[in-house]
Protein chains: 2
Amino acid sequence: MAEQNYKRSRQRERLLELLRSTKEHPTASWLYDRLKIEFPALSLGTVYRNLGVLRDQGLLRVLAAGSTFDRFDADMRTHYHFMCERCGAVEDLALDPDLGIEQRAAQCSGRIVTGHRVEVFGFCEACASKESRPIGPSQ
Amino acid sequence: MAEQNYKRSRQRERLLELLRSTKEHPTASWLYDRLKIEFPALSLGTVYRNLGVLRDQGLLRVLAAGSTFDRFDADMRTHYHFMCERCGAVEDLALDPDLGIEQRAAQCSGRIVTGHRVEVFGFCEACASKESRPIGPSQ
DNA sequence: ATTAATACTCGGAATGATTCTCACTTTAGA
DNA sequence: TCTAAAGTGAGAATCATTCCGAGTATTAAT
């Protein structure tokens, strides 16, 4: 899975640059739309295949945003996310990651822990001001 | 979304009992297969619809397990999960939830924070003993 | 108990993100 | 330059989830 032979491709290089240039945690289709301008013949399959390659190369992470679609993040430093329950936006949180969680999760178990993920959810600033009556639990 | 009129249905009541009786964090199709024994005419759509109703009633939570399918958990107390990267199993973690995360995430922002979720990943005990050479990053 | 209103069920079709297939093209090393 | 292997585009296939329409069950009021 990791000991693969990769060749360069302009599509993949630009995909990574694009992902690195934004804080939006884009979806596959957002990336496709942008990249399509530069590569008019671009195929959606190519975007998905390269997202998978970059993930295997450890150059991006996949954030599961509910069951509908994934979002992608090229910032490989451990950091936490905030997800808006109303508009679906994903924002980085300026919190120090708690690596003790991983130690405690491994403690007294045969598990191998490789990482952890924290997602805080609620309503982002824009939605919080519109939405005077917050909705009930949806996750 | 919450001020809905619900009527009782045996299918939904048994669905919730079934989910409450297991620690497996089942998928929709696992629940469907089990419930189908009891309700031979059961429809998959009914399972999904009722999972949605129970979620809106605050009686279960949806765990997004990667992009492929959801898992469901009727334990509404805040608690953390461990997810095996190899077999996909989901286990509860016996860690005290850190509610300070939510306060820190809300601090100095217009956000409304309603909850948070922690997922630790790696290899479960069974997989850790088989898998001598752990695989590279996949999330 | 009957009835009316409406939520619920089933089955199957529709949706939508993601993955796969395959013929052709590009890359990289000899 | 030549060749093998990885990459590409187009579209079909997959698969979890949602939607729809006609008939059924539940509830509250008569």
Base-contact (B) and sugar-phosphate-only (S) positions in nucleotides 2-13 of chain D, heavy-atom cut-off under 4.0 Å, - elsewhere: --BBSSBBB---
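Counting only N and O atoms by type, the side chains of A/T46 and A/R49 include a donor and acceptor under 3.5 Å apart. Judged by distance alone, the side chains of A/H81 and A/E119 never bring a donor and an acceptor atom under 3.5 Å apart.
We find that CD of A/E13 is positioned 15 Å from P of C/dT26, with the value rounded to whole Å. The CG atom of A/L31 sits 14 Å away from the P atom of C/dA17 (whole-angstrom rounding). Nucleotide D/dT18 holds its P atom 16 Å from the OH atom of B/Y32, rounded to whole Å. Nucleotide C/dT18 holds its P atom 16 Å from the CH2 atom of A/W30, rounded to whole Å. Residue A/F69 contributes atom CZ, which lies 14 Å from atom C1' of C/dT15 at whole-angstrom precision. Between the CG atom of B/D70 and the P atom of C/dG16 there is a distance of 17 Å, given to the nearest Å.
Side-chain contact between A/Y6 and A/D56: present, with at least one pair of heavy atoms (C-beta onward) separated by less than 4.5 Å.
With hydrogens and angles disregarded, a donor-acceptor distance shorter than 3.5 Å links the side chain of B/R61 to the backbone of B/M76. Although no hydrogens or angles enter the test, the distance criterion places no donor-acceptor pair under 3.5 Å between the side chain of B/T27 and the main chain of B/R71.
A salt bridge is absent between A/E125 and B/R111: the closest approach of a Lys/Arg side-chain nitrogen to an acidic carboxylate oxygen does not fall below 4.0 angstrom. Ionic pairing of A/R14 and A/E17 is present here: one or more N-O contacts between side-chain nitrogen and carboxylate oxygen are shorter than 4.0 angstrom.
Between A/Y48 and C/dT19 there is no side-chain N or O to OP1 or OP2 distance below 4.0 Å.
Taking the six-membered ring where the residue is Trp, B/H79 and B/H25 present tilted rings, their angle falling between 30° and 60°.
Fit an axis to the five pairs at each end of the helix from C/dA1-D/dT30 to C/dA30-D/dT1 and the two axes sit 40° apart, to the nearest 10 degrees.
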